[in-house]
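Here is the structure we will look at.
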Amino acid sequence: MEERSFPAWSWSVEQCLKEYNVKLDKGLSSYEVEKQRDKYGWNELAKEKGKPLWRLHMHGSESEESGFEAYVEPFVIVLILVLNAIVGVWQETNAEKALEALKEMQCESGKVLRNGYLVPDLPARELVPGDIVELQVGDRVPADMRIAALKTTTLRLEQSALTGEAMPVLKGTTVVNGNCVCIVVSTGMNTEIGKIQKQIHEASLEESDTPLKKKLDEFGSRLTTAIGLVCLLVWLINYKNFLAWDMVDGWPVNLRFSFEKCTYYFKIAVALAVAAIPEGLPAVISTSLALGTRKMAQKNAIVRKLPSVETLGCTTVICSDKTGTLTTNQMSVAEFFTLGGKTTTSRIFHVEGTTYDPKDGGIVDWTCYNMDANLQVMAEICAVCNDAGIFCDGRLYRATGLPTEAALKVLVEKMGVPDAKMRNKIRDSQLVANYLIDRSTVKLGCCEWWTKRSKRLATLEFDRVRKSMSIIVREPTGHIRLLVKGAVESLLERSTHVQLADGSPVPMDESCRQLLLSRNSEMSSKGLRCLGLAYKDELGEFSDYCSESHPSHKKLLDPSCYSSIESDLVFVGVVGLRDPPRDEVHKAIEDCKAAGIRVMVITGDNKSTAEAICREIKLLSDGEDIREKSFTGKEFMALSPSQQIETLSKPGGKVFSRAEPRHKQEIVRMLKEMGEIVAMTGDGVNDAPALKLADIGIAMGITGTEVAKEASDMVLADDNFSTIVSAVAEGRSIYNNMKAFIRYMISSNVGEVISIFLTAALGLPECMIPVQLLWVNLVTDGLPATALGFNPPDVGIMQKPPRKSDDALINSWVLFRYLIIGSYVGIATVGIFILWYTQASFMGINLVSDGHTLVELSRLQNWGECPTWSNFSVAPYMISDGHLITFSNPCDYFTMAK
């Protein structure tokens with residue numbers, strides 16, 4: 001049932017609770033839950049029903065033959081169609097099974113209050129409107145909900161699944177900071193995500209044909225027209241054999257019509273059609289595409305729609321997201337700096353590793369295992385002023401909480417601890433953890449050492465005004481200290497001192513401040529997200545803070561007091577983080593350039609970060625003027641239509657930052673109108689319409705939402721851009737192989753057509769009956785053609801420009817060649833047929849060793865008059881297996897002997 005329009009966002013909490021007759025401290029009763037479920041159904045997205053087998057249309061042809069032949073031909077044709085259907089269904093089933101394995105990203109349970117009791121892990125599908133749900137850090141939002149109460153002073157959620165923007169906000173799909181209690185207001189298909197899925201389903205009803213299908217349809221229509229004309233011509237050429245008349249005074253009289261002979265020559269015309277149509281072609285194409293999908297699945301590309309394999313081969317533009325596709329989607333510290341022995345010198349440390357795996361890389365030339373006081377404070381702030389966690393899901397390391405905080409914890413693990421004895425103990429425990437059965441929990445020994453050492457007492461949570469967050473901790477000495485992290489500029493404004501390498505705080509003068517800002521600017525220009533670290537020892541009224549019972553605790557409940565508490569800070573250093581590009585992306589970009597494929601990055605991230613990443617992967621060149629290559633979404637849409645087309649037409653890479661969903665759709669639409677074949681990547685719900693609009697929609701398997709996967713043609717199991725390039729190469733190889741076997745089969749069929757046409761034109765008996773032609777097309781031609789589908793890709797397949805989508809499958813020159821070759825094969829076949837009936841030997845070869853009867857060429861050409869011949873008899877003859885062939889009716893020699 002569709003839910004009544006309910007503007008929960010504009011109503012007060014009391015109004016929302018009254019709407020569902022629920023209390024915030026009790027939740028719904030079991031009776032109310034059942035009542036709501038009967039009304040609204042389960043909290044799950046509707047699945048598009050697959051095509052049932054009965055909807056697979058099978059077109060066959062009927063013929064009026066008698067005996068075994070009457071059943072063989074239709075049976076073989078139906079069998080081919082059934083096999084094609086089985087291949088298609090098998091592939092779709094395999095793809096859907098592979099997608100099921102990626103569904104761990106979906107929210108599966110939640111903490112729900114019912115009947116006055118908290119159910120800790122209620123399955124998300126059982127939620128109903130009116131349920132009271134508690135959300136904590138790391139929880140995924142299981143339905144559309146209205147926040148009823150905050151349990152922390154601030155709440156932030158990740159919104160990338162909805163908007164593509166990585167920065168946390170006050171609304172989204174995954175909690176990254178804070179706790180709250182919510183009221184469920186919409187479930188299932190009535191949620192915002194559900195509404196988008198409905199739009200996707202409606203859009204999927206109007207799918208355009210793939211380039212290959214268009215070519216085959218065009219080729220098929222031309223072939224049908226040509227075959228129809230040739231069949232009609234053959235039938236008319238032999239009209240004298242079934243239609244005769246006498247001429248009296250220039251007028252035909254005594255019309256004589258033989259229905260039997262008319263039917264016979266009609267069957268010859270049908271045989272000609274059978275000869276011309278490559279019946280094995282659909283089976284070979286389906287087999288080739290299915291083989292291609294298996295190869296692609298081994299390379300982490302799961303194809304959901306079989307024809308998409310070939311479409312990839314003529315891709316001319318790849319519109320790629322940045323986060324998670326070109327980059328690892330794992331924040332990591334790239335470098336950090338602190339001051340040295342005086343305020344005019346600084347120390348810069350470079351960090352290797354691009355994932356949340358603490359063992360991935362390390363700090364370059366790190367000799368600070370006995371860390372100085374300054375580095376110790378930096379490690380303490382990174383470890384303790386932090387709510388993130390790291391876990392391993394079997395395939396990769398992932399973060400709970402803020403990605404930046406998870407990266408800081410990884411940095412602490414790479415820094416180590418100053419206590420040598422504890423450092424060895426941590427290393428030993430990590431070695432033991434490698435052999436544990438449950439390796440999903442990642443033990444962060446260094447971070448645990450710091451958090452046990454500095455007891456956390458209170459949290460001053462992040463807000464957009466001061467752009468920082470801090471915690472009050474008790475040091476091992478019993479001293480109370482404030483640890484702060486936040487935007488560099490914001491912390492520098494509130495800092496009066498700076499810490500030197502030996503740990504001594506010194507006043508921050510203007511030259512020191514400019515040095516710090518200069519270093520920060522250098523790091524930002526590299527596309528790094530900079531985070532400042534600071535502390536404060538003189539806390540005034542909080543110097544003896546111990547718990548919530550402290551007299552000054554009320555100030556910690558008022559965010560307006562946080563700025564004054566976080567003043568007179570001692571600045572420690574700056575950490576530069578980034579979502580680094582994948583190692584293999586640079587080569588993939590080079591492959592695209594060599595293959596004539598343009599890459600356009602469309603991202604929700606800010607302009608400077610996007611440009612920095614694109615320079616790093618060499619999509620944009622260093623020192624290049626990128627004013628006409630890099631735009632924000634709004635800047636591009638502000639251009640005139642002619643300027644937009646001119647911009648998109650220029651060679652080289654393009655970058656569109658701060659792009660909204662409608663910008664993505666508009667760019668894809670314009671590219672398609674320009675005749676480009678567009679592959680579009682996406683992972684969020686917001687990407688789904690553009691994925692559907694593109695020629696090839698490519699969803700992310702790990703970070704992608706279910707809505708994006710449903711809208712896509714292909715899913716990347718590893719979320720990797722280079723996988724797309726591998727899939728394009730495979731698509732090109734498949735097309736080349738298909739073109740080879742299509743041409744092979746057509747050339748063979750031209751020979752059959754020529755042979756049938758010549759026998760009809762010369763008045764000879766048909767040299768091959770329809771069943772024999774089917775055998776040739778399916779077995780003699782089909783198996784070698786299938787073998788061509790296994791050909792490995794050409795060495796330089798990605799060194800050539802993409803083929804145009806309107807390129808002819810068989811051009812005039814190729815057709816002329818096949819006509820020449822086919823004519824030779826057809827003439828040779830008919831020649832051998834005539835020689836067997838009329839000649840005793842040929843070029844020294846004895847043709848009558850089997851004892852068959854020879855006839856004159858004139859009689860062979862008028863074999864239809866055989867019943868009127870006197871004294872015509874046929875001697876029995878022996879075939880290769882020793883079987884003796886005899887004829888009760890001598891005239892059967894012309895039809896049965898072959």
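Numbers here are sequence positions counted from 1. Side-chain atoms are counted along with the backbone in the values below, which use heavy atoms only and exclude waters and symmetry mates.
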Close side-chain approach of [X] and [Y], heavy atoms under 4.5 Å:
X	Y	result
V601	E611	no
M523	V574	yes
E616	V585	no
V506	V498	yes
F721	I589	yes
C382	W450	no
V410	I390	yes
P581	L326	no

Taking atom [atom1] of [X] and atom [atom2] of [Y], what is their separation to the nearest 0.5 Å?
X	Y	atom1	atom2	answer
D558	S560	CG	OG	3.0 Å
S332	D579	OG	CG	7.5 Å
N424	D419	CG	CG	9.0 Å
L482	Y535	CG	OH	11.5 Å
K629	L620	NZ	CG	6.5 Å
T459	I471	OG1	CD1	6.5 Å

* Asked: Yes or no on salt bridge (charged side-chain N to carboxylate O under 4.0 Å, His left out) for E475 and K455, after CA distance, side-chain angles and deciding distance?
  -> CA-CA 7 Å; E475 298 288 302; K455 185 181 178 183; over 6 Å; no
Looking at [Y] and [X], is there a salt bridge between them, counting it only when a charged N and a carboxylate O are closer than 4.0 Å?
X	Y	answer
R466	E566	yes
E489	R513	no
E352	K414	no
E380	R481	yes

Examine the side chains of [X] and [Y] and answer whether a donor and an acceptor come within less than 3.5 Å of each other.
X	Y	value
R627	S630	no
Q136	K111	yes
S468	R494	yes
T723	D718	yes
N374	T338	yes

* **salt bridge (charged side-chain N to carboxylate O under 4.0 Å, His left out) partner of E448, the single match among K409, K443, K425** => K443
Show the nearest heavy-atom pair for residues [X] and [Y], with the distance to one decimal.
X	Y	value
A383	T451	O-CG2, 3.9 Å
Q330	Y397	NE2-O, 3.2 Å
P551	K554	O-NZ, 3.2 Å
T632	R658	CB-CB, 4.4 Å
S657	A610	CB-CB, 4.2 Å
S470	C385	CA-SG, 4.1 Å

* Go through the steps to decide whether L339 and T345 satisfy the test side-chain contact (heavy atoms from CB on, under 4.5 Å), and finish with yes or no. => CA-CA 6 Å; L339 290 185; T345 61; 5.9 Å; no
Determine yes or no for a side-chain-to-main-chain donor-acceptor pair under 3.5 angstrom, with [X] supplying the side chain and [Y] the backbone.
X	Y	result
T325	K322	no
S320	T681	no
Q376	M371	yes
S495	L491	yes
S543	G540	yes
W366	M415	yes
K607	F656	no
D360	T355	yes
Y356	G389	no
S521	L517	no

* Give the C-alpha distance, both sets of side-chain angles, the deciding distance and a yes or no for salt bridge (charged side-chain N to carboxylate O under 4.0 Å, His left out) between R582 and D719. => CA-CA 10 Å; R582 294 174 180 268; D719 290 11; 5.3 Å; no
* Take the angle between the ring planes of H550 and F542 and call it parallel below 30°, perpendicular above 60°, tilted in between. => parallel
Return yes when atom [atom1] of [X] has more than 12 non-hydrogen atoms of other residues, nucleotides or ligands closer than 6.0 Å, and no otherwise.
X	atom1	value
K526	NZ	yes
E584	CD	yes
K555	NZ	no

* For the pair V484 and I381, evaluate side-chain contact (heavy atoms from CB on, under 4.5 Å) and give the outcome as yes or no after the intermediate values. => CA-CA 7 Å; V484 190; I381 296 171; over 6 Å; no
* To do: Could you give me the CA-CA distance, side-chain angles and deciding distance for S567 and K536, then say whether side-chain contact (heavy atoms from CB on, under 4.5 Å) is met?
  => CA-CA 8 Å; S567 60; K536 181 178 180 180; 3.8 Å; yes
* Does the pair R474 and D544 meet the rule for a salt bridge (charged side-chain N to carboxylate O under 4.0 Å, His left out), with working shown? -> CA-CA 9 Å; R474 181 188 293 116; D544 60 345; over 6 Å; no
* To do: Could you give me the CA-CA distance, side-chain angles and deciding distance for K485 and V575, then say whether side-chain contact (heavy atoms from CB on, under 4.5 Å) is met?
  => CA-CA 10 Å; K485 72 174 190 294; V575 176; over 6 Å; no
